[in-house]
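So the structure is just underneath, and the comments pick up after that.
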Number of protein chains: 2
Amino acid sequence: MPDVEDTLTNALRRRIIDGEFAPGTRLSEISLAEKLGVSRNTLREAFRVLAEQGLIEHVPHRGVSVASPGVADVVDIYRARRYVEPAALAAGSPLHPAVAAMREAVEQGETSLEARDWRTVGTANMAFHDAIVALADSPRLERLFRDIAAELRLAFLEIDNPEALHAPFVTRNRALLETFLEQGGPAAAAELQDYLVLSERTVLGAFTRLRHG
Amino acid sequence: MPDVEDTLTNALRRRIIDGEFAPGTRLSEISLAEKLGVSRNTLREAFRVLAEQGLIEHVPHRGVSVASPGVADVVDIYRARRYVEPAALAAGSPLHPAVAAMREAVEQGETSLEARDWRTVGTANMAFHDAIVALADSPRLERLFRDIAAELRLAFLEIDNPEALHAPFVTRNRALLETFLEQGGPAAAAELQDYLVLSERTVLGAFTRLRHG
DNA sequence: ATGGCACCGATTGTTCAACAATAATAGCCG
DNA sequence: CGGCTATTATTGTTGAACAATCGGTGCCAT
C-alpha cells in the first residue's frame with residue numbers, strides 16, 4: 001500500500017485544522033500510528049512535514065504536539081499578512097482568475113453568515129484572503145500564506161468564539177472586493193491594511209480575554 | 001545515537017547549498033544512507049524536511065533529487081523578494097540590531113571582493129539581504145527568506161559564473177546601507193526595488209545565456 | 001514533612017531486514 | 001524498427017528490536 005505518505009500527511013493536516021486534535025494535544029506515535037493504520041516510521045515522516053509547516057511542534061525526545069499559537073505567533077502571523085496581502089491586492093489585476101474565487105468566497109461567507117454557520121464563515125473568510133494572495137501569482141507566497149493560515153486556524157480553535165472572530169468580516173470582504181473592482185488595487189490595499197489591523201485586534205482581544213478567564 | 005535527525009538535516013542542507021551535490025543530482029536513499037552512516041528511514045525523514053523547504057524535489061517512486069531552479073523559479077523567487085525586502089527596509093529602524101549585521105555583511109563583501117573570492121562575496125551578499133529581512137522582526141518572513149535564499153543559491157550554482165553574479169552588488173550594498181541610514185527606510189526601499197530588478201535581470205540573463213550554449 | 005537522589009517505566013530515536021509496489025530498462029516479438 | 005512484455009533496481013512501507021532520554025515514583029537522609 002504505497003504512496004500512503006502524502007495522503008497521510010494531508011489527512012492529518014485536515015484533521016488537525018478541523019480541530020479533531022485540540023491545540024497543544026500531544027500526539028503519541030504509537031497510538032496514533034495504530035489509530036491511523038500506518039507504521040511509526042511512516043507517521044514520523046508525516047510529522048516532519050507538518051512540523052516544517054508549523055502545524056505541529058516537535059520537541060526532541062518528547063514527541064510532537066499540535067501547535068498552540070500564542071500572542072507572539074498571532075502578532076507575527078498578522079505582520080506577515082500585512083506584508084503580503086495588501087501588496088498582492090495593490091498589484092493585482094481585476095481580470096485575474098483569482099477575482100472569481102474572491103467573489104465566490106464573499107458569497108459563500110454571506111450564505112454561511114445567514115445560516116449562522118460560523119465555522120463555514122471562517123473557512124470562506126480564509127478562502128477570500130487566499131484568493132487575494134493568489135493575485136500575486138507566486139507559488140512561494142501562496143505556500144507561505146497556506147502555512148500561516150493554517151496556524152491562524154489553530155489560534156481560532158483556541159479561542160472558540162467563531163461568531164465574534166468571523167462574522168464581522170463578511171461585510172468587510174464584500175466592501176473590499178467592491179473597492180478593488182471599482183477603485184482599483186491601491187485603494188483596496190489601503191482598506192485591507194485597516195481591515196487586517198482590526199482583525200488582529202479582534203483576535204488578540206479574544207486571546208487576552210481568554211487568559212483572564 | 002539519537003538526535004541525529006536535526007544534525008543530519010542541517011548537514012545535508014549545508015552540503016547541498018555548498019554545491020557538493022549539483023542541482024538535479026539524484027540522491028539515492030541506499031547509497032546516501034550508507035555514505036552518511038544512517039539508516040534509510042532516518043534519511044527519509046531528513047528528505048521530507050528538505051523537500052518541504054524546497055531544497056530537494058521529491059517525485060513519488062522516483063526518489064529525490066537536488067532542486068534545480070528554472071527560469072520560472074527565479075522569477076518567482078524575485079517576486080517574493082520584492083514583496084518582502086523593500087517593505088522590511090521601508091519600515092525598519094536604523095537602531096535595529098540587524099543594521100550591524102548589514103554593515104558587517106557589506107564589509108565582508110568588500111573584503112572578499114578585493115580577494116576575488118567570489119563564493120564568499122555571494123555569501124556576504126546573501127547575509128546582507130538576510131539582515132534586511134531581519135529588520136522586520138518576523139520569524140515567519142525570515143523562514144521564507146531562508147528557504148528562497150537557499151533555492152537561489154542553487155540557481156547560482158547552475159550558472160557558475162560567480163563574479164558576474166555577485167561582484168556588481170557589493171558597491172550597491174554599500175550605497176543601499178548609506179541611503180538607509182542617511183535618507184531613511186522609504187528612500188532605501190525604492191533603491192532596493194531597482195536593485196532587485198537589476199539583480200533578477202542579471203540572473204535571468206545568465207540563465208538564458210546558459211540555455212543557448 | 002521535605003528536599004534531593006536513584007531508579008523505573010514509557011516514549012522517542014534509530015536501526016535493520018523484509019516485502020510490496022512502482023518506474024525505468026532491456027530484451028523480445030511481430 | 002516500433003510496440004509490448006519481463007526484468008531489475010529503487011522507493012514505499014512495515015514490524016520488531018534496542019538504545020537513549022524524559023518524567024515521575026519512591027526511597028533516603030536531614
Side-chain angles (χ1 to χ4, degrees), chain A residues 1-16 20-70 143 151 154, chain B residues 1-16 20-70 143 151 154:
Chain A
M1 206 197 296
D3 244 342
V4 165
E5 238 291 322
D6 270 8
T7 310
L8 175 64
T9 304
N10 290 333
L12 251 181
R13 186 184 162 79
R14 198 173 327 126
R15 295 171 83 159
I16 292 174
E20 182 170 334
F21 310 96
T25 305
R26 190 127 167 274
L27 300 177
S28 156
E29 292 184 0
I30 298 177
S31 52
L32 190 56
E34 190 177 349
K35 180 175 168 184
L36 299 175
V38 298
S39 78
R40 271 184 68 210
N41 283 322
T42 302
L43 179 59
R44 281 172 62 88
E45 289 186 23
F47 276 175
R48 295 285 181 184
V49 174
L50 296 175
E52 198 62 24
Q53 295 178 354
L55 259 186
I56 63 182
E57 196 183 352
H58 178 142
V59 181
H61 293 282
R62 279 207 256 162
V64 306
S65 30
V66 178
S68 76
R143 194 171 92 73
E151 281 190 87
L154 292 185
Chain B
M1 206 195 299
D3 244 344
V4 164
E5 238 291 324
D6 269 8
T7 310
L8 175 64
T9 304
N10 290 334
L12 252 181
R13 187 185 162 78
R14 196 172 327 126
R15 294 170 84 159
I16 291 174
E20 181 171 335
F21 310 96
T25 304
R26 187 128 169 278
L27 300 176
S28 154
E29 292 184 359
I30 297 177
S31 53
L32 190 56
E34 190 177 351
K35 180 175 168 184
L36 299 175
V38 298
S39 78
R40 269 184 69 209
N41 285 325
T42 302
L43 179 59
R44 281 172 62 89
E45 290 187 22
F47 277 175
R48 281 311 213 286
V49 173
L50 295 175
E52 198 62 24
Q53 294 178 355
L55 260 186
I56 64 182
E57 197 181 352
H58 179 142
V59 181
H61 293 280
R62 280 209 256 162
V64 306
S65 31
V66 178
S68 75
R143 194 172 91 73
E151 280 189 88
L154 292 185

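Source: prediction; values computed, not measured. A note on names: the letters A, B, ... follow the listed sequences, proteins ahead of strands, and every chain is numbered from 1.
OP1 or OP2 of dT14(D) has at least one side-chain nitrogen or oxygen of Thr42(A) nearer than 4.0 Å. For His58(A), no side-chain nitrogen or oxygen approaches OP1 or OP2 of dT11(C) to under 4.0 Å. The shortest distance between the side-chain N/O atoms of Arg44(B) and the OP1/OP2 oxygens of dG12(D) is below 4.0 Å. Between dA19(D) and His61(A), no contact under 4.0 Å exists linking OP1 or OP2 to a side-chain N or O. Not one side-chain nitrogen or oxygen of Arg40(B) sits closer than 4.0 Å to the OP1 or OP2 atom of dT11(D).
Mapping Arg62(A) and Ser39(A) onto DNA chain D via the closest heavy atom, the residue that lands nearer the 5' end is Ser39(A).
Residues satisfying the side-chain hydrogen bond (donor to acceptor under 3.5 Å, both in side chains) test with Thr25(A), not counting sequence neighbours, are none. Checked against side-chain hydrogen bond (donor to acceptor under 3.5 Å, both in side chains), Glu34(A) has no partners two or more places apart in sequence or in another chain.
At least one side-chain heavy atom of Leu12(B) sits less than 4.5 Å from a side-chain heavy atom of Leu36(B). For the pair Phe21(B)/Ile56(B), no side-chain contact is recorded, criterion being any heavy-atom separation below 4.5 Å from C-beta on. Using a 4.5 Å cut-off on side-chain heavy atoms (C-beta onward), Arg48(B) and His58(B) make contact.
Stem list for DNA chain D (at least 3 consecutive Watson-Crick or G-U pairs, distances under 3.5 Å): C:1-30 with D:1-30.
Going from atom CG of Leu43(A) over to atom C1' of dG15(D) covers 15 Å, rounded to whole Å. Here dT12(C) presents its P atom at 12 Å from CD of Glu45(B), a figure rounded to the nearest Å. For Leu8(A) and dT14(D), the CG to C1' distance is 14 Å, given to the nearest whole Å.
In the set dT11(D), dA24(C), dC16(C), the nucleotide with an atom closest to the side chain of Asn41(B) is dC16(C).
A salt bridge is defined here as a Lys NZ or Arg NE, NH1 or NH2 lying under 4.0 Å from an Asp or Glu carboxylate O, and Arg62(B) with Glu57(B) fails to meet this definition.
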